[in-house]
Protein chains: 2
Amino acid sequence: MKKIANFTTQKWKIMSESIKGKYEIRTNPNVSVDCVVFGFDGTELKVLLVQRVLRDNLDIEDDTLVLPGDLIIDDEDLDEAASRILRRLTGIKNIFLEQVGAFGSPDRLSKERDREWLEAVRVRPEARVITIGYFALINIQNYKIRPAGFAKHLEWRDYHTVEELGFDHNEILNCAILKLRDKLYREPIGFKLLPAKFSLHQLYTLYNEIMDAEIDRRNFRRRMLKTGFIKETDEYQEGVPHKPARLYTFVQKEFENVSKNNFKFY
Amino acid sequence: MKKIANFTTQKWKIMSESIKGKYEIRTNPNVSVDCVVFGFDGTELKVLLVQRVLRDNLDIEDDTLVLPGDLIIDDEDLDEAASRILRRLTGIKNIFLEQVGAFGSPDRLSKERDREWLEAVRVRPEARVITIGYFALINIQNYKIRPAGFAKHLEWRDYHTVEELGFDHNEILNCAILKLRDKLYREPIGFKLLPAKFSLHQLYTLYNEIMDAEIDRRNFRRRMLKTGFIKETDEYQEGVPHKPARLYTFVQKEFENVSKNNFKFY
DNA sequence: CCAAAAGTGTTGATGCTACACCCATGA
DNA sequence: TCATGGGTGTAGCATCAACACTTTTGG
């Protein structure tokens with residue numbers, strides 16, 4: 001643990017610029033939100049991670065990766081908090097966000113590096129914090145991700161190569177992936193990870209990747225089309241070194257018609 | 001709104017008896033837990049509700065029903081908090097409890113009667129509180145429910161006759177029932193609502209009641225037995241005015257064998 | 001002997017799995 | 001012409017829904 005005590009004054013100064021100036025300073029010291037943002041690059045499932053940083057003008061080394069997250073503000077809803085935080089740290093807005101659950105182990109902030117960061121950044125670093133996990137799905141190409149706030153670098157990391165994250169964020173990530181698998185199984189949300197127009201092959205690899213299974217390609221195709229809410233377009237892939245595939249699109253309206261009857265995906 | 005301000009002094013006195021005396025007084029003002037406890041009496045799905053009370057020696061009328069819940073203590077886990085609170089308010093312990101999610105609408109405590117209660121009871125009545133909902137299933141006959149803490153009366157209420165509860169507890173209840181239906185559909189948890197030995201008819205009515213569906217009795221029976229983890233016993237119903245039914249029991253071990261393969265209930 | 005629920009089988013329809021071949025394109 | 005993935009069809013099996021009658025017990 002390096003010379004942290006010294007930073008306290010400076011910390012307050014920074015606080016008042018970066019936080020106080022922009023919001024009413026009614027952040028709640030005990031409740032935070034963390035977001036697991038999933039993306040898909042056509043082959044691999046990705047997670048958006050933040051390299052947290054103390055402040056640019058503080059020279060503590062900390063390359064720990066964490067989920068984008070922060071304390072909530074006292075008069076905002078949890079969902080709002082999640083949107084706000086994601087927007088501020090990454091520039092992403094108007095996004096599908098859903099709660100995963102609350103994480104409140106009393107020692108979830110007790111790793112040494114985490115304490116160090118909290119001491120340097122939080123107004124009440126010692127406070128018990130429970131966090132609400134959210135998960136989000138985005139089409140990786142539609143967003144220009146730009147770091148802001150305390151996010152120093154942002155990084156799309158292959159889900160399978162994620163190592164130890166700060167705080168209890170591995171646990172949150174794990175719950176999120178379980179939730180994702182569960183939902184993919186019976187709600188039409190896979191499309192959110194793809195461009196508006198996609199080939200069935202893309203959808204197929206996505207399912208295989210996330211479900212960690214090998215589905216029969218032909219049956220998969222048939223099932224998807226049979227649902228009635230994946231409609232063909234007149235467009236085809238371009239620039240591929242093989243027969244270009246027809247592009248399809250997800251039609252929300254059709255889904256709503258169908259989904260009254262009990263519907264299962266796969 | 002009746003004469004609340006007057007109570008403040010008295011409130012503190014009561015606090016220090018009823019709370020401070022028993023726990024380290026490190027309750028977190030911003031995070032609470034509320035429990036939806038389901039039971040089944042053979043016909044109806046029941047929910048355990050608490051008639052909150054200010055204090056016996058305060059004469060404000062408040063017959064509002066709420067879910068059993070309270071603020072968490074700073075060094076306990078959320079799951080622990082849920083167990084503790086349930087134990088303290090109702091005497092129930094060692095029970096299946098699972099998180100439903102976090103509820104954090106900024107106006108979730110803003111009904112007038114809720115404010116009144118908070119003012120009278122909480123150390124920091126104005127604090128923003130987010131709550132973590134839990135749901136529990138118990139066999140209604142195995143527990144002697146006894147009110148304690150701030151629970152004045154406890155009541156097993158028919159799920160279908162629940163009216164307006166305090167705070168945002170209707171919303172929590174609603175999420176819990178959705179979760180219950182969802183789980184009943186694909187995990188063997190219905191048994192937790194029944195005695196260790198039960199007739200298939202009991203199980204059948206339970207499913208019908210909770211799912212709000214009319215399942216074919218014969219197919220239901222077949223499906224359940226085919227799972228392999230509902231085993232017959234040598235016992236039969238007694239004292240019924242018709243042919244007594246054989247009693248069955250859920251065998252956890254068999255379930256674990258079976259459930260490796262992808263298993264669906266109904 | 002009557003009421004009330006327990007218990008048992010079959011059939012037809014549907015859906016799913018498993019599998020093999022031809023097609024279109026770019027290099 | 002070759003490599004790559006796109007695209008289609010079918011047969012057998014398993015599962016599920018729909019349905020009716022006999023049995024056992026207590027009163």
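Letters A, B, ... are given to chains in the order of the sequence lines, protein chains preceding strands, and every chain is numbered from 1.
Salt-bridge annotation for Glu187(B) and Lys183(B): present, with a side-chain N of the basic residue lying under 4.0 Å from a carboxylate O of the acidic one. Here Asp63(A) pairs with Arg113(A) in a salt bridge; the nearest charged N to carboxylate O distance falls below 4.0 Å.
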Revision key, fill the gap. Once base and sugar-phosphate atoms are separated, protein heavy atoms under 4.0 Å mark nucleotides 1-11 of chain C, 5' to 3', with B, S and - as ---BSSBBBB-
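An OP1 or OP2 oxygen of dT15(D) is reached within less than 4.0 angstrom by no side-chain nitrogen or oxygen of Lys226(B).
Looking at Ile172(B) and Leu67(B), their side chains come closer than 4.5 Å, going by heavy atoms from C-beta outward. Residues Trp156(A) and Asp41(A) are not in side-chain contact: their nearest non-hydrogen atoms beyond the backbone lie 4.5 Å or more apart.
The aromatic ring centroids of Phe229(A) and Phe250(A) lie less than 6.0 Å from each other.
Between the CD atom of Glu238(A) and the P atom of dA24(C) there is a distance of 19 Å, rounded to whole Å.
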